[in-house]
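Below, chains carry the letters A, B, ... as their sequence lines are ordered, and counting in each starts from 1.
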Number of protein chains: 2
Amino acid sequence: MPDTITQSIQDYLKHIYELNEHGGSASTNDIAIRLNIAPASVTGMLQKLASATPPLVIYKKHQGVTLTKNGEKAALEVIRHHRLLETFLVTTLGYSWDEVHREADKLEHVISEDFEARMAEALGHPTRDPHGELIPTADLVMPVDESCPLASLRTDETATVRRVSDDDPALLRHLREIGVVPEVKIVVKSYSEFDGNLTLQVEGQKSNVVLGTAVTSQVFVDK
Amino acid sequence: MPDTITQSIQDYLKHIYELNEHGGSASTNDIAIRLNIAPASVTGMLQKLASATPPLVIYKKHQGVTLTKNGEKAALEVIRHHRLLETFLVTTLGYSWDEVHREADKLEHVISEDFEARMAEALGHPTRDPHGELIPTADLVMPVDESCPLASLRTDETATVRRVSDDDPALLRHLREIGVVPEVKIVVKSYSEFDGNLTLQVEGQKSNVVLGTAVTSQVFVDK
DNA sequence: AATAAAATTTAGGCTAGACTAAATTTTACA
DNA sequence: TGTAAAATTTAGTCTAGCCTAAATTTTATT
Ligand SMILES: [Mn+2]
Ligand SMILES: [Mn+2]
Ligand SMILES: [Mn+2]
Ligand SMILES: [Mn+2]
């Protein structure tokens, strides 16, 4: 590890991890957008992370970065903190799932390993956060996610909601209202090949609901 | 307020508040010791805080600083966070009262006002933290503490423990063991004028205990 | 009141992590 | 396949907050 993994570095690593998840390397621009920082500043940091001892990222000019094993461990540590915190805030302080993100984004950098362990214990060692995202294990292994986008289902298919994208609080509130939350079962009543709309029967809901791809691409299910 | 009250500034203000509590102004050296920072660095920060708009401290060369009204509000905000956090960590995550301090010292700077409000609500709007220290109110007023040092009691006096100094974890563990914790009643069975020792009968304890001034000066009671 | 010690300030310097503007490289597409 | 747009890097700055060493002021003690 470099001498110190600052809060700023933790945020870089976390976002690089998430960008790496969906395909290859994380580009300077993508990182800059997610961190709300000028691209030139990102370049500087990437060079620093790449020449740290040991290196936290693999960086080739103009080709973005990938995490090294060390970088990934550091990223998973932060992600575990974040997701445990979200779970903790929802269950013990009554936060709703669209409110926790900002709070966890700051707390994730300052809690101790003891705090992390106490939360995990108090919550019964959960494997998913309130949005259904997988929580890395205490020894920093990310479980495999086998869910697929709700948008990929077709008429008569049945599935269980596992995870919803937590990017957009408004979308989260909407999903909460229509009952599309993790662990709920759904049945696809019909599919429109024109607009991709899905008509769904949602467990526990009186009437069916029709969702467009803007929504169904953000919800992930296990068949 | 200055443009931003950073974490560093928050810590300065908090410690200046505590130094101001017991007598006049906070000296450069005292602040430096408490913050573990070189005195020269403290001078620089004090000058900055004094010339902020509005000023957060009143500073005269070589004479230390006092908080302005604005500085005091900012300090009380941090202290409220700290003491609510200590209470919260003890009651919801099972921390012992000698473990909470370090954790709260970091968290106090990053929690939101919403988090503060939710903690206060969940805890039933407590007025004291686990060590018995008074918690500033939501509108940032510090309640008046009327307790006096246990060391000032004499034979046959009766009192209720209100507060113990939280500086020393080892002392806290000792006090916990002998049952000297907030809200417990005590009776002074005898006083030694030679060494200042007090023999105490502690509510809920089988046998009496003898405490020296090193301990009794750190425990505060209401008669 | 003189002087030694302690406290404090000044001066100069450093690092982390951001920024803008300009230069360069890559990519897209005509 | 050349050129324009987009992405990225370089170069030069800036601020916050710390440091050490040296100078100065205050205080304590004779
Ligand atoms: Mn963060
Ligand atoms: Mn999440
Ligand atoms: Mn602090
Ligand atoms: Mn305390």
Side-chain angles (χ1 to χ4, degrees), chain A residues 1-16 19-20 23-53 55-66 71 74-75 78 105-106 108-110, chain B residues 1-16 19-20 23-53 55-66 71 74-75 78 105-106 108-110:
Chain A
M1 308 288 162
D3 314 4
T4 52
I5 294 187
T6 63
Q7 296 196 12
S8 178
I9 290 176
Q10 287 180 358
D11 273 333
Y12 274 92
L13 295 176
K14 182 177 77 163
H15 284 100
I16 291 168
L19 288 166
N20 281 173
S25 62
S27 77
T28 301
N29 251 10
D30 288 348
I31 298 168
I33 289 166
R34 293 180 67 128
L35 292 174
N36 197 27
I37 278 175
S41 307
V42 173
T43 298
M45 180 60 93
L46 297 186
Q47 290 168 343
K48 194 168 90 174
L49 297 179
S51 53
T53 47
L56 297 171
V57 302
I58 293 164
Y59 169 70
K60 291 228 186 67
K61 266 190 198 176
H62 296 99
Q63 296 179 204
V65 285
T66 309
V78 182
D105 249 353
K106 290 196 295 184
E108 64 191 5
H109 308 292
V110 302
Chain B
M1 307 287 162
D3 314 4
T4 50
I5 295 188
T6 63
Q7 295 196 13
S8 178
I9 291 177
Q10 288 180 359
D11 273 334
Y12 274 92
L13 296 176
K14 183 177 78 164
H15 284 101
I16 292 168
L19 288 166
N20 282 173
S25 62
S27 77
T28 300
N29 250 10
D30 288 347
I31 298 168
I33 289 166
R34 292 181 67 129
L35 292 174
N36 198 25
I37 279 176
S41 307
V42 173
T43 298
M45 179 61 92
L46 297 185
Q47 289 168 343
K48 195 169 89 171
L49 297 179
S51 53
T53 48
L56 296 172
V57 303
I58 294 165
Y59 168 71
K60 292 227 186 66
K61 263 191 200 175
H62 299 280
Q63 296 179 204
V65 285
T66 310
V78 182
D105 249 354
K106 290 196 293 183
E108 65 190 5
H109 308 292
V110 302

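Heavy atoms of B:Thr28 sit under 4.0 angstrom from primed sugar atoms or phosphate atoms, though from no base atom. Using a 4.0 Å heavy-atom criterion, one finds that A:Thr43 contacts the bases of the nucleic acid, with or without backbone contacts as well.
For residues 35-49 of chain B, no pair satisfies salt bridge (charged side-chain N to carboxylate O under 4.0 Å, His left out), with sequence neighbours left out. Judged as a salt bridge (charged side-chain N to carboxylate O under 4.0 Å, His left out), the pairs with a partner in residues 26-42 of chain A (not counting sequence neighbours) are, in order, A:Glu18-A:Arg34.
For the pair A:Ser25 (side chain) and A:Gln63 (backbone), a donor-acceptor distance under 3.5 Å is present.
Minimum heavy-atom separation, A:Ala38 to A:Ala32: C-CB, 4.2 Å.
Take B:Thr6 and apply the side-chain contact (heavy atoms from CB on, under 4.5 Å) test, not counting sequence neighbours, and it matches B:Thr4, B:Ser8, B:Ile9. Applying the side-chain contact (heavy atoms from CB on, under 4.5 Å) criterion to A:Gln47, with sequence neighbours excluded, gives A:Thr43, A:Tyr59. Every residue meeting the side-chain hydrogen bond (donor to acceptor under 3.5 Å, both in side chains) condition with A:Asp11, not counting sequence neighbours, appears here in chain and number order: A:His109. Taking the side-chain contact (heavy atoms from CB on, under 4.5 Å) definition, one finds that B:Ser51 meets it with nothing, sequence neighbours left out. Applying the side-chain contact (heavy atoms from CB on, under 4.5 Å) test to B:Asn29 and every residue at least two apart in sequence or in another chain returns B:Ser27, B:Pro39.
Nearer the 5' end of DNA chain C, as judged by each residue's closest nucleotide, is the contact made by B:Gly44, out of A:Ala38 and B:Gly44.
The residue from A:Ile31, A:Val65, A:Ile33 that alone fulfils the side-chain contact (heavy atoms from CB on, under 4.5 Å) condition with A:Val42 is A:Ile31. Across A:Leu13, A:Thr66, A:Asn20, a single residue satisfies side-chain contact (heavy atoms from CB on, under 4.5 Å) together with A:Val57, and that is A:Leu13.
Near DNA chain C, defined here as any heavy-atom distance below 4.0 Å, the residues from residues 57-64 of chain B are B:Tyr59, B:Lys61, B:His62, listed numerically. If you check residues 29-36 of chain B against DNA chain C, the residues with a heavy atom closer than 4.0 Å are B:Asn29, listed by number.
How far NZ of A:Lys14 is from CG of A:Asp105: 3.5 Å, rounded to the nearest 0.5 Å.
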Quick one: do A:Ile37 and A:Tyr12 satisfy side chain to side chain contact (heavy atoms under 4.5 Å, CB included)? Show the steps, please. CA-CA 11 Å; A:Ile37 278 175; A:Tyr12 274 92; 3.7 Å; yes

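In the 5' to 3' direction, nucleotides of DNA chain C lying under 4.0 Å from heavy atoms of chain B begin and end at C:dA7 to C:dT10.
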Between the protein and nucleotides 14-17 of chain D, list every N/O to N/O distance that falls short of 3.5 Å.
unit_1	atom_1	unit_2	atom_2	d
D:dG17	OP1	B:Thr6	OG1	2.5
D:dG17	OP2	B:Lys48	NZ	2.4

